[in-house]
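Following: one structure in structure tokens, then a few remarks.
Because the structure is predicted, anything quoted here is derived from the model rather than measured. Numbers here are sequence positions counted from 1.
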Amino acid sequence: MAADLNSARRSRWSWGRVLGIFLGVVALLLGALYLVVVFAFPPERLAAMLSEQVKAATGRTLRVDGGLSIRLLPTIAVHARDIAFANAEWGSRPEMLKVRDAAFEVSLRALLDGELHILRIDVEGVDALLESDGAGHANWQFAPAAPPVAKPSAAASDGGGSGLALDRLVASDVKVVYRDKGKPPAPTLAIDTLDIQARDQGDEIAATFAVGPRRWKVTGKTGRGVALLEGRSEWPFDLQLGTDGATLAAKGTLVTKPKVLLVADVSAPVIDLARLGLVAASPTPAPARAKAPLFGDTPLPFDAVPAIDLRLGLRVGSLKVPGAPPISDLQARLSSTPGKVLLEELQFAVAAGQAHGRGELVLAANAPPRLDVSLEAKALSLQALDAASGGGDRIRGGRADVALNLAATGRTPRALAASTQGKFLFSAADATVAGGAAAAFDRNVVMTVLKLLIPKGSSNAALVVECAVVRLPFQRGVAAIDRSIAVETREVAIVARGEIDLARQTLALEFRPKVKKGLGLNPANFAELMMLSGPLQDPRVGFDAKGTVRSATSVGVAIATGGASLLAPMVLGDSEGGSACAEAARTAPAKATARTAPAAGDKAAPKARKRGLFGIR
């Protein structure tokens, strides 16, 4: 028994001695490896190798101004502080990139082969400046130096053959500022976290960032980041972006040669503009003072198309805009080339109807911006439109068509308005206005006009509007109306004359009711004349029951909106010239006054006025 115990003790002692010797050998090997690495590859040499690789890939200098230290386990890592990456020679500051703290993990096997394969970079406190010189040059456009002499590793070759390979980048507390020479800086991009990992077919990215007050999260896959540094011709991406109010998916390719081109398809199930902060959730009540003009003199926020060609496809399942009915199934294509932005194939569903249109913005050198817009919407629900504008149950039923075809040129909103050319057309039928709504004199222009249709003493009765037409032809910002605005019930019709002047931002209209013949109604039961005049943003309403008020202007007025398909035959009526709506839809505007006549030598304007932009369907 004692012999067995002694044998067991000797066995345990033997295994303990073997384990101790083994651990000692491992410690000696690690110590020797550490000494070899430290003496053969001191931190300064590793920093120099990194700087050489960056110089070869970008043509720029990478400088380490702070302290350096090395760590052996679990991987070889160099810790550095105060790193600076040089800016372009014409840049506004010496450094394009400044990093407060960074750690570089490198591959020992590649290092022993004389190569630098970076397994991971962790950076914190990054100050990045992206800028352009206003002449088509950007500081992120690099001119790589001669390739390094050392043979690239397999990993490096996968990254593009520059010899600079990177498996993972982790960053935090990153600030990115973009400046275009001569223009105010763009909002700062604040990146809270960024994680980019190299995979077989590209990079995987996950990030959280903020632009202004709006915070975003992005995940997805992209081409290799080193491909951008090396100026590869194509860089694919497949990203998902989310924020409060929107979730977007963007898939496409960034092409850098022979010119910069971004091709992408963007889709979103829901976009809520109020939650995105792009528009106010509810209109702010106007202060009790003179209202500001509708069109101001602040220069437009664009004077040139970005120096990048765009080919974007857009799909939105539901677009929510405060004060407007929900928009669904929105599809469009947006493209830009030097000097032009084109929105085409725009179509969407709204207020139980369908709409389609297009737009073009031309930004030519040494010329004011030119804007052309066309839109046609059919079978819109008047009840839905009224409810979206806060009307509640004021209007029931009714369908409307809208069409516009407008062009304008100018550097400010006022200049654009003053140069407006084209037509706007609105037609509606079979709407019922709830009893008392139209009679309420609340300075709502539409409801005030409808008041003329209600016989005296019957303000609580529902008002059935058989048809309404608003046709506004614009010439140099002025719409002349001569019975081209009309509203009809079974008993009475209203026609309008006057002028709308977008240049002066004023209007002067008279609305006169006409009792239809053959119904045995007394015209004295209806108001005889209503005047609407003053600034566009705050017109004043006045009545003249005795009919002594003269017309405010001798020219006919048309409202600037859009040319939609005209009233259906049931709305226009079958009687010859008996319908005020039919007359409003067909009639040509009165001749413009000398003040609004086309300038000498302008041959296109008279031709457009003579035949119009829209025909009767």
For this session: For side chain to side chain contact (heavy atoms under 4.5 Å, CB included), just list the numbers for Q347 and Q354, CA-CA rounded to whole Å, side-chain angles, deciding distance to a tenth of an Å, and then say yes or no.
Result: CA-CA 7 Å; Q347 54 182 316; Q354 295 289 328; 5.8 Å; no
For this session: Would you indicate whether the side-chain heavy atoms of P187 and Y178 approach each other to under 4.5 Å?
Result: no
Problem set entry | CA sep, side-chain torsions, deciding dist, call: V123, V170, side chain to side chain contact (heavy atoms under 4.5 Å, CB included) | CA-CA 6 Å; V123 293; V170 179; over 6 Å; no
For this session: For S419 and T409, indicate whether the former's side chain and the latter's backbone hold a donor-acceptor pair under 3.5 Å.
Result: yes
For this session: Ignoring hydrogens and angles, tell me if any N or O in the side chain of E360 forms a donor-acceptor pair with the backbone of L342 under 3.5 Å.
Result: no
Problem set entry | Point-to-point distance, once rounded to the nearest 0.5 Å, from CD of Q537 to CG of L507 | 9.5 Å
Exercise. Just by modelled atom types, is the V478 backbone N or O under 3.5 Å from a matching donor or acceptor in the R504 side chain?
Worked result: no
For this session: Look only at the side chain of T58 and the backbone of R60, and say whether a donor-acceptor pair between them is shorter than 3.5 Å.
Result: yes
Exercise. Does T298 reach the side chain of T412, with side-chain heavy atoms less than 4.5 Å apart?
Worked result: no
Problem set entry | From CD1 (I395) to CG (D386), nearest 0.5 Å | 4.0 Å
Exercise. Heavy-atom distance under 4.5 Å between the side chains of R411 and P299, does that happen here?
Worked result: no
Exercise. For A400 and L382, which heavy atoms make the closest approach, and how far apart are they?
Worked result: CB-CD2, 3.7 Å
Exercise. Among all residues two or more places apart in sequence or in another chain, which pass the side chain to side chain contact (heavy atoms under 4.5 Å, CB included) test with R399?
Worked result: A352, A379, S381
Problem set entry | Over 12 non-hydrogen atoms of neighbours within 6.0 angstrom of CZ in R358 | yes
For this session: Check the pair D401, L380 against side chain to side chain contact (heavy atoms under 4.5 Å, CB included), reporting the backbone distance first and the verdict last.
Result: CA-CA 6 Å; D401 292 344; L380 304 180; over 6 Å; no
Exercise. Could you state the interatomic distance from CG (L262) to CZ (R311), rounded to the nearest 0.5 Å?
Worked result: 10.0 Å
Problem set entry | side chain to side chain contact (heavy atoms under 4.5 Å, CB included) involving P325 - partner list, sequence neighbours excluded | V350, A351, L385, A388
Exercise. Q505 side chain to L294 main-chain N or O, any donor-acceptor pair under 3.5 Å?
Worked result: yes
Problem set entry | Gap between atom CG of D122 and atom CZ of R168 - 0.5 Å precision | 8.0 Å
For this session: Can you measure from CD (E105) to CZ (R120) and round to the nearest 0.5 angstrom?
Result: 6.0 Å
Problem set entry | Side-chain donor or acceptor of S336 paired with backbone N/O of L310 under 3.5 Å | yes
Seminar exercise, completed: Across all chains, not counting sequence neighbours, the side chain to side chain contact (heavy atoms under 4.5 Å, CB included) partners of T243 are R214, W216, A246, L276
Exercise. For G410 and A415, which heavy atoms make the closest approach, and how far apart are they?
Worked result: CA-CB, 3.8 Å
For this session: Check A250 against F237 and note the closest heavy-atom contact, atom names and distance.
Result: O-CD1, 3.8 Å
For this session: Indicate the atoms forming the closest heavy-atom contact of P369 with L416, along with that distance.
Result: O-CD2, 4.4 Å
With a 3.5 Å cut-off and sequence neighbours excluded, list the donor-acceptor pairs that the side chains of residues 265-273 form with protein atoms.
residue : atom : partner : partner atom : Å
D272    : OD1  : A274    : N            : 3.1
D272    : OD1  : R275    : N            : 3.3

Exercise. Is any side-chain N of the basic residue among D203 and K221 closer than 4.0 Å to the acidic one's carboxylate O?
Worked result: no
Exercise. Does the side chain of E345 come under 3.5 Å of the side chain of Q331 through a donor N or O and an acceptor N or O?
Worked result: no
Problem set entry | Side-chain heavy atoms of F295 within contact of L536, under 4.5 Å | yes
Seminar exercise, completed: Closest heavy-atom pair, L189 versus V211, reported as atoms and distance to 0.1 Å, is CD1-CG2, 3.8 Å
Seminar exercise, completed: Value for CZ (F85) from NZ (K98), rounded to nearest 0.5 Å, stands at 14.5 Å
Problem set entry | N-O pairing of R315 and D329 below 4.0 Å | no
Exercise. Do the non-hydrogen side-chain atoms of E344 and L346 ever get within less than 4.5 Å of each other?
Worked result: no
Exercise. Will you find, in the side chains of T193 and T208, an N or O donor that is under 3.5 Å from an N or O acceptor?
Worked result: yes
Exercise. Stepwise, does the side chain to side chain contact (heavy atoms under 4.5 Å, CB included) test hold for N405 with K423?
Worked result: CA-CA 6 Å; N405 192 341; K423 277 193 178 181; 5.8 Å; no
Exercise. Does a side-chain heavy-atom distance below 4.5 Å link D173 with R100?
Worked result: yes
For this session: Would you check if L314 and L334 make a side-chain contact, meaning some heavy-atom pair closer than 4.5 Å?
Result: no
Problem set entry | side chain to side chain contact (heavy atoms under 4.5 Å, CB included) partners for Q240, two or more places apart | T219, D238
Exercise. Any side-chain heavy-atom pair from L375 and V402 closer than 4.5 angstrom?
Worked result: no
Problem set entry | T61 versus K55, closest heavy-atom pair with distance | OG1-NZ, 3.8 Å
Can you give me every donor-acceptor pair (side chain of residues 86-93, partner residue at least two apart or in another chain, under 3.5 Å) with its distance?
residue : atom : partner : partner atom : Å
N87     : OD1  : N139    : ND2          : 3.1
N87     : ND2  : R93     : O            : 3.1
N87     : ND2  : E131    : OE2          : 2.8
S92     : OG   : E131    : OE1          : 2.8
S92     : OG   : E131    : OE2          : 3.4
R93     : NE   : E95     : O            : 2.5
R93     : NH1  : D127    : OD2          : 3.1
R93     : NH2  : D127    : O            : 3.2

